[in-house]
There are 2 protein chains.
Amino acid sequence: MADRQAEGRGEVERASARPATILDVAARAGVSKSVVSRVLTQAPGVAAATRERVLHAAGELGYVPNTMAQAMVARRTGALGAFVRDASTPFYGHLLTLMQDRAAELGYRVVTATGSGRFSVADERRALDVMTGLRVEGLVICSGLLPERDVEEVAAKVPTVVAGRPLVSDACGSVFCDEAGGGRGVAEHVHALGHRRVAVLVHSPDLSLTLSPRSRAAADHLTELGADVVRLPVHDFWRTTHEDVDAVVAAALDAGATALVLPSDRLALRALEALRVRGLEAPGDLSVTGYDGFGELASPFLGLTTWRQPLPTIARMAVDSLVGLVQGRVDGRGATALAGELVVGRTASTPA
Amino acid sequence: MADRQAEGRGEVERASARPATILDVAARAGVSKSVVSRVLTQAPGVAAATRERVLHAAGELGYVPNTMAQAMVARRTGALGAFVRDASTPFYGHLLTLMQDRAAELGYRVVTATGSGRFSVADERRALDVMTGLRVEGLVICSGLLPERDVEEVAAKVPTVVAGRPLVSDACGSVFCDEAGGGRGVAEHVHALGHRRVAVLVHSPDLSLTLSPRSRAAADHLTELGADVVRLPVHDFWRTTHEDVDAVVAAALDAGATALVLPSDRLALRALEALRVRGLEAPGDLSVTGYDGFGELASPFLGLTTWRQPLPTIARMAVDSLVGLVQGRVDGRGATALAGELVVGRTASTPA
DNA sequence: TTGTATGCGTTATCAC
DNA sequence: GTGATAACGCATACAA
């Protein structure tokens, strides 16, 4: 039904009709394409009457310039690339939105790519090729998985800033949180509350470049402060299940810990759930701390004691320093470590 | 510092160096650009030895084809556009990721645009122009704000599917949840629990095309079932603050309601918080229900009684029917209403 | 098997 | 003021 018979002017045309080009507009306005181009680029030297005709014709045709053709001749795309590991992860989702806003303020579009949610490094490399194929002028990489070697390789091709992951390299800039500082901050708070036997969920470095240092720092600092530390390892970061967390909680309780330190709010929420299922609660039976401090889990209803990462600042600094790099105004390839802040909630208190 | 003096082969070259073109590869391999093109497009008719040389040269130069140039000659971009109102909203964030995955499976890239987080319809129109300028082959619109007129206008230019918002038009396809059905489902559950005096937060239609019908349906159906319904209006959807929700909770309690029905999990969480601040709790003092049922707020720890939207199905169907439209295989312009399901949690129970 | 020529839609540099 | 014309980087029909 609805065959291609709509050629009338006023009707709704088929979406399949090829988009109007500058030539169509020119023909309709009875001028050459040069004039159309001048009108649309606000260039001077066009008679007012002609301009009106061109504008009118463009409007009627619903003409929108082909961005790619523009980019080809302009030799610039006005686009920044954002490569995020998984946009559905709240951390990356928020980061993405914030970066997009800032980039728009600076006159850049943002095109994003993801490793398609899978775990393969090869996938991530291909995603990077997509970005360079699009000729983005700069690239923000938000992935804790991609090997440093690959980052430097792509950084050789296009100005690159790594966000949310500790990386010190003179090939690119980086903006990230002081993970060790955050871990110590949490440790200090827990110790100050009076806990002397503390369980800490510790990630191994090969699982996560962020969770690992923060959890290690927390454990180390608690030890320095003189507390007994029970280090609970985790096997697979991306698939840490409720059962895994449940086992961690059980281990913490078995070990007689009065507090459990977790490297993310998401894990903390699961720990709270595990406690609840056991008929226990935080902080009465076990003090619980998280890490992140943004989004839904930062709700005062949950009252999670956590460490807040300065997400807006990360996003802004990443984009700003990338744009600086792109425009060659600044060297912008240093590493910037940002401090977070303690959020005192109700899930951690003095030990019973 | 670090002036442009790095011309050495093995060194890390300046990122500012212009990306290699097919001509560079051709020159380095000692062939014409046609041969390079054939090798890279897997076209037959190239001597094995030549192919090797070309591949080697391309590898050395780190050559990545310019996607835009390819698109220009191919007259297709292989890209779908996703226009989302606010990617930091969990609903849209999840939707985006799911759509991206499905599109990748079907061989399409997804380029996203947002209304820059602001409220202006003009901004949204400009964002749509960005998409059409990029010559996306199809467009998924996820915005409850954009007027139907604008949707149909863009749908005349490019195949369009509206996702997550009720819209019946023969200009485009649409996939959305049966909002009224969901509202009735919640109402039925609350009534079945025994509540006979229920407060319902009701949005006016001009604030949200989704929250409004679901909240109205809930209120209407409760009335039909014979319950006393206290309709609490809300003034500004996007800025509904904790204070607003607090006032709603207060009003519900004042009116002697035993249950409070809210049109989103986010609002429900705020209601729970408002209760907690008052030293009250759900469901003891007031039963509370939400709506959405995905992401962090679906955690069993919160135990929210809610209505789950089939987000993955929405995403999949939206992309599938859009691709069908793009490829002209199906008409794909019908409206598809998806059913959700009740999630029985612990925040709603029989009245005290 | 390989090289040459043309065109995709646009901007910019020329002449007129 | 306006109109040809040359790029931009690539794929492809066609000639060698």
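Order of the sequence lines fixes the chain letters, A, B, ..., with proteins taken first and strands second; residue numbering starts at 1 for each chain. Values in this document were obtained by computation on a predicted structure and should not be read as measured data.
- In plain terms, the two heavy atoms of B/P44 and B/R38 that are nearest each other are O-CD, 4.5 Å.
- Among all heavy-atom pairs drawn from B/L106 and B/D320, the shortest one is CD1-OD1, 3.5 Å.
- For B/R125, the salt bridge (charged side-chain N to carboxylate O under 4.0 Å, His left out) test picks out B/D150, with sequence neighbours left out.
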For this session: Determine, for nucleotides 7-16 of chain D in 5'-to-3' order, which nucleotides have protein heavy atoms under 4.0 Å from the base (write B), from only the sugar-phosphate (write S), or from neither (write -).
Result: -BBBBBB---
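- Of the possible donor and acceptor atoms, one in the side chain of B/S174 sits under 3.5 Å from a partner among the backbone N and O of B/L167.
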Can I get a per-line list of side-chain donor-acceptor pairs under 3.5 Å for residues 70-84 of chain A, giving both atom names and the distance, sequence neighbours left out?
residue: A/R76; atom: NE; partner: A/E137; partner atom: OE2; Å: 3.4
residue: A/R76; atom: NH2; partner: A/E137; partner atom: OE1; Å: 3.3
residue: A/R76; atom: NH2; partner: A/E137; partner atom: OE2; Å: 3.2
residue: A/T77; atom: OG1; partner: A/A79; partner atom: N; Å: 3.3
residue: A/T77; atom: OG1; partner: A/R135; partner atom: O; Å: 2.8

Problem set entry | Dot-bracket encoding per residue of DNA chain D, Watson-Crick/G-U cut-off under 3.5 Å, | denoting interstrand | ||||||||||||||.|
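- Closest approach of B/F176 to B/A335, counting heavy atoms only: CE2-CB, 4.0 Å.
- Residue pairs meeting the salt bridge (Lys or Arg N to Asp or Glu O under 4.0 Å) criterion with at least one member in residues 39-54 of chain A: none, sequence neighbours excluded.
- In this structure, the side chain of A/S37 does not engage the main chain of A/K33 through any donor-acceptor pair within 3.5 Å.
- Counting only distance, with no hydrogens or angles, the side chain of A/D101 and the backbone of A/L98 share no donor-acceptor pair below 3.5 Å.
- Residues A/V25 and A/V36 approach most closely at CG1-CG1, 3.9 Å, considering heavy atoms.
- For the contact set between residues 48-56 of chain A and DNA chain D, defined by any heavy atom under 4.0 Å, the members are A/T50.
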